[in-house]
Amino acid sequence: MKKFEEMLDHLKSGDIQTLEISKDDFLAFREVLIKREDFKHFSGNAMQGAQVVFTYLQVPRS
């Protein structure tokens with residue numbers, strides 16, 4: 001779980017532009033993501049092959 005928090009922090013700070021999460025890790029990752037106060041700043045797009053690519057939005061989604 002700690003690794004997911006660190007990955008999200010790197011995405012938020014701009015150290016990385018995208019974050020790819022595999023199907024196997026998605027549910028554990030989602031648990032960490034939805035507990036964050038800045039949850040609505042993260043946007044995930046499902047890709048072919050069951051990967052989800054997350055980006056950080058400066059303006060939170062509605």
### Task
For Phe42, check ring pair (Phe, Tyr, Trp, His ring centres under 6.0 Å) against everything at least two apart and list the hits.
Tyr56

### Task
List for me each residue that meets ring pair (Phe, Tyr, Trp, His ring centres under 6.0 Å) alongside Phe4, sequence neighbours excluded, and say none if there are none.
Phe29

### Query
Is Glu6 atom CD crowded by more than 12 heavy atoms from other residues, nucleotides or ligands, each under 6.0 Å away?
yes

### Task
Measure the shortest side-chain to side-chain distance between Asn45 and Val52 over non-hydrogen atoms and say whether it is less than 4.5 angstrom.
no

### Query
Side-chain heavy atoms under 4.5 angstrom apart, residues restricted to Ile, Leu, Val, Met, Phe, Trp, Tyr: same cluster for Phe54 and Val59?
no

### Query
Tracing side-chain links under 4.5 Å among I, L, V, M, F, W and Y, which residues wind up in one group with Met47?
Val53

### Task
Just jot down the side-chain contact (heavy atoms from CB on, under 4.5 Å) partners of Ile34, sequence neighbours excluded, or say none.
Arg30, Phe39

## Note on the structure
When every non-hydrogen atom of Gln51 is compared with those of Ser22, the smallest separation belongs to OE1-CA, 2.9 Å

### Summary
To the nearest 0.5 Å, atom CG of Leu11 lies from atom OG1 of Thr18 at 7.5 Å

### Task
Working to the nearest 0.5 Å, report the span between NE2 of His10 and CE of Met7.
9.0 Å

### Message
Using a 4.5 Å cut-off between side-chain heavy atoms of Ile, Leu, Val, Met, Phe, Trp and Tyr, which other residues end up in the same hydrophobic cluster as Leu57?
### Response
none

### Query
Which pairs pass salt bridge (charged side-chain N to carboxylate O under 4.0 Å, His left out) with one or both residues in residues 14-29, sequence neighbours excluded?
none

### Task
Could you list all the salt bridge (charged side-chain N to carboxylate O under 4.0 Å, His left out) pairs where at least one residue sits in residues 33-59, not counting sequence neighbours?
Asp9-Arg36, Lys12-Asp38, Arg36-Asp38

